[in-house]
S.K.: 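Structure provided below as structure tokens; questions to follow.
Numbers for residues simply follow the sequence, beginning at 1. As a basis for the values below, the full set of heavy atoms in this structure was taken, side chains included, without hydrogen atoms, waters or symmetry mates.
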Amino acid sequence: MCRNIRTLHNFEPHATSAEVEAAALQYVRKISGSTKPSKANEEAFERAVHEIAHVTQHLLDALVTHAPARDRGEQAAKARAKAAVRFGTA
């Protein structure tokens, strides 16, 4: 469930609001133990996603690094190669 949360800091181009929202959604799903909340919990679930995304964006905006920004395509290629080795499809 939580495997979709990816590092969002120090990439070029910067993380989009959609990526931040997706990470927040995955986080809330993981800690709530639910991929889809009941009607009774839907408002709390959505509020938590919104608030976590908001705080996450503030964190990303405040972080400082002197390392060169990572390339998204390069990181994705490394992840695919690692998965291929792990699952024997290389």
S.K.: I need the Ile52 CD1 to Ile31 CD1 distance, nearest 0.5 Å.
M.R.: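 These two atoms lie 5.0 Å from each other.
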S.K.: Roughly how far apart are Gln75 CD and Asn10 CG, rounded to 0.5 Å?
M.R.: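 Those atoms lie 9.5 Å apart.
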S.K.: Please set out all donor-acceptor pairs under 3.5 angstrom arising from side-chain atoms of residues 60-71, sequence neighbours excluded.
M.R.:
{"unit_1": "Asp61", "atom_1": "OD1", "unit_2": "Gln57", "atom_2": "NE2", "d": "3.0"}
{"unit_1": "Thr65", "atom_1": "OG1", "unit_2": "Ala67", "atom_2": "N", "d": "3.1"}
{"unit_1": "Arg70", "atom_1": "NH2", "unit_2": "His9", "atom_2": "O", "d": "2.6"}
{"unit_1": "Asp71", "atom_1": "OD2", "unit_2": "Gly73", "atom_2": "N", "d": "3.1"}
{"unit_1": "Asp71", "atom_1": "OD2", "unit_2": "Glu74", "atom_2": "N", "d": "2.7"}

S.K.: Give, for atom OG of Ser32 and atom CG of Asn41, the distance between the pair rounded to the nearest 0.5 Å.
M.R.: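 Taking OG in Ser32 and CG in Asn41, the distance rounds to 8.5 Å.
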S.K.: Taking the side chain as everything from C-beta on, heavy atoms only, tell me whether Phe45 gets closer than 4.5 Å to Lys36.
M.R.: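 They are not in contact (no side-chain heavy atoms under 4.5 Å apart), so the answer is no.
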S.K.: Can you tell me which residue pairs pass the salt bridge (charged side-chain N to carboxylate O under 4.0 Å, His left out) test with a partner in residues 9-24, sequence neighbours excluded?
M.R.: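 Found Glu19-Arg72.
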S.K.: Mind checking what makes salt bridge (charged side-chain N to carboxylate O under 4.0 Å, His left out) contact with Glu51, not counting sequence neighbours?
M.R.: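 For Glu51, no residue satisfies salt bridge (charged side-chain N to carboxylate O under 4.0 Å, His left out) once neighbours in sequence are set aside.
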S.K.: Of the non-hydrogen atoms in Ala53 and Ala24, which two are nearest, and what is the gap between them?
M.R.: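 Scanning both residues, the minimum pair turns out to be N-CB, 3.6 Å.
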S.K.: Hydrophobic clusters here meaning ILVMFWY residues chained together by side-chain heavy-atom distances under 4.5 Å, can you tell me if Leu8 and Leu59 are in one?
M.R.: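 As far as the 4.5 Å side-chain criterion goes, Leu59 and Leu8 are connected within one cluster.
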S.K.: Does one side chain, of His50 or His54, offer a donor that lies under 3.5 Å from an acceptor on the other?
M.R.: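 Per modelled atom types, His50 and His54 side chains form no pair under 3.5 Å.
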